[in-house]
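Since the structure is predicted, the reported quantities are computational estimates derived from the model, not experimental observations.
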Amino acid sequence: MAVSPLARDLEFAHSYHADERPEEAAPRWSSHGNGAEAEIAAGVLIARSTGAGKRHFYSLGKRSKSATESSGVWDMSSGMATVEFRIKCESDSPEDEVFRVQVADGTQLWRASFLPGKCNGKPVITDDWDTYRIVIKDGKMQISTEKSGVIASEVAGAPSTESPSLLFGTFKASQAPSTRSWSLDFIRWTNEKADPAGS
C-alpha cells in the first residue's frame with residue numbers, strides 16, 4: 001500500500017505498518033478479543049469475524065497490568081495528539097460498529113467509530129481505502145479524511161477515567177450474527193503536534 005499522508009510535512013513520532021502482527025511490532029501492542037481472526041496479508045492487517053459477541057482490537061498504553069509498552073510511546077501530557085491511519089471496513093449489518101480508533105488522555109476520551117458507510121455518523125466510503133486523521137487539541141477533536149476532507153470538528157471529549165491509551169480495531173462486540181471485517185494499512189501518531197488536515 002502506498003502511504004498517502006494528509007499533510008506532507010508532518011513528522012510522526014511512532015508508527016505501525018502491517019509488515020508483522022501488532023503484538024510483535026515495535027512498539028508492541030496488546031491484543032484483545034474473542035472469536036475474531038486476524039492475519040497479515042500483503043502488508044495489510046486484516047481482521048474478520050462472523051457471529052454475535054466477537055471483537056478484536058489492539059491497544060498501546062496502560063489498559064492492563066501486563067501492558068508495559070506505554071513508556072514514551074503514548075503520552076498525552078502535552079494535551080495534543082495527531083493520529084493518522086489508512087483503513088477499509090465493511091459489515092453486512094448497517095448498525096454494526098466495524099472499526100474504531102480511540103484516544104484517551106486519562107481524563108477524557110475521543111473516538112472515531114466506523115459503521116458501514118459512516119464515521120461518527122457522517123457519510124464516508126468505508127468499503128474502499130481511505131486515510132483518516134484525528135487531531136486532538138484544547139480538549140476538542142477534528143476528524144478528516146483524504147477523500148472527504150473534514151467530516152467532524154470541535155468534538156468534545158467524553159469524561160473518562162480510562163488510562164492514557166491509543167487503540168484500534170473492533171472494540172464493540174456485535175449484537176447481531178453479522179459478518180464484518182476491517183483492513184489496516186498503517187497507523188501513525190505524535191503527541192507533540194496537533195496538525196489538522198490541510199494546515
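Remark: Tyr132 OH to Thr145 OG1 distance equals 5.0 Å, nearest 0.5 Å. Taking NE2 of His17 as the reference point, atom CZ of Arg86 lies at 12.0 Å (rounded to 0.5 Å). In this structure, OG on Ser77 lies 7.5 Å from CG on Asn191, to the nearest 0.5 angstrom. One finds the CD1 atom of Ile151 at 7.5 Å from the OG atom of Ser144 (value rounded to the nearest 0.5 Å). Considering CD of Gln108 and CD1 of Ile136, their distance stands at 9.0 Å, rounded to 0.5 Å. Taken to the nearest 0.5 Å, the CH2 atom of Trp110 stands 4.0 Å off from the CG atom of Asp105.
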Q: Could you walk me through whether Leu167 and Trp29 pass side-chain contact (heavy atoms from CB on, under 4.5 Å), step by step?
A: CA-CA 9 Å; Leu167 70 81; Trp29 299 73; 5.8 Å; no

Q: Go through the steps to decide whether Val101 and Leu166 satisfy the test side-chain contact (heavy atoms from CB on, under 4.5 Å), and finish with yes or no.
A: CA-CA 7 Å; Val101 171; Leu166 170 65; 4.2 Å; yes

**Q.** Trace of the side-chain contact (heavy atoms from CB on, under 4.5 Å) decision for His56 with Ser31
**A.** CA-CA 7 Å; His56 196 104; Ser31 178; 3.4 Å; yes

Q | Step-by-step side-chain contact (heavy atoms from CB on, under 4.5 Å) determination, Tyr58 to Leu184 | A | CA-CA 12 Å; Tyr58 299 90; Leu184 177 90; over 6 Å; no

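Counting all heavy atoms, side chain and backbone alike, Tyr16 lies closest to Pro22 at OH-CD, 3.4 Å. For the residue pair Trp74 and Ala81, the shortest heavy atom distance occurs at CH2-CB, 3.9 Å. For the residue pair Ser178 and Ser93, the shortest heavy atom distance occurs at CB-CB, 3.8 Å. Closest approach of Val124 and Cys119 over heavy atoms only: CG2-N, 3.6 Å. Among all heavy-atom pairs drawn from Ser30 and His32, the shortest one is O-CD2, 3.4 Å. In terms of heavy-atom proximity, Arg21 sits nearest to Ala38 at NH1-O, 2.9 Å.
Looking at Asp127 and Ile125, their side chains come closer than 4.5 Å, going by heavy atoms from C-beta outward.
For the ring-ring contact (aromatic ring centres under 6.0 Å, His included) condition, no pair includes a residue of residues 33-52, sequence neighbours left out.
Looking at Arg180 and Asp96, a side-chain N of the basic residue comes within less than 4.0 Å of a carboxylate O on the acidic one, giving a salt bridge.
With sequence neighbours excluded, the residues satisfying side-chain contact (heavy atoms from CB on, under 4.5 Å) with Arg48 are Glu39, Ile46, Ser181. Partners of Asn34 by side-chain contact (heavy atoms from CB on, under 4.5 Å), not counting sequence neighbours, listed by chain and number: Arg55. A search for side-chain contact (heavy atoms from CB on, under 4.5 Å) contacts involving Asn120 returns Ala112, Ser113, Met141, Ile143, not counting sequence neighbours. By the salt bridge (Lys or Arg N to Asp or Glu O under 4.0 Å) test, Asp138 pairs with no residue at all, sequence neighbours left out. The side-chain contact (heavy atoms from CB on, under 4.5 Å) check on Glu37 picks up nothing, with sequence neighbours excluded.
Both Ile40 and Ile87 belong to a single network of hydrophobic side chains, linked directly or stepwise wherever heavy atoms of I, L, V, M, F, W or Y lie under 4.5 Å apart. At a threshold of 4.5 Å between side-chain heavy atoms, the hydrophobic network of Ile, Leu, Val, Met, Phe, Trp and Tyr places Val155 and Trp189 in one connected group. Met76 and Leu109 are members of different hydrophobic clusters when ILVMFWY side chains are connected at heavy-atom separations under 4.5 Å.
A donor-acceptor pair is defined here as one N or O able to donate and one able to accept, closer than 3.5 Å; no such pair exists between the side chain of Arg100 and the backbone of Phe57. For the pair Trp182 (side chain) and Leu45 (backbone), a donor-acceptor distance under 3.5 Å is absent. Remark: the backbone N or O of Val98 is paired with a side-chain donor or acceptor of Thr170 at under 3.5 angstrom.
Donor-acceptor pairing under 3.5 Å is lacking for the side chains of Glu84 and Thr82.
A tilted orientation is assigned to the rings of Phe85 and Phe99, their planes being inclined by 30° to 60°.
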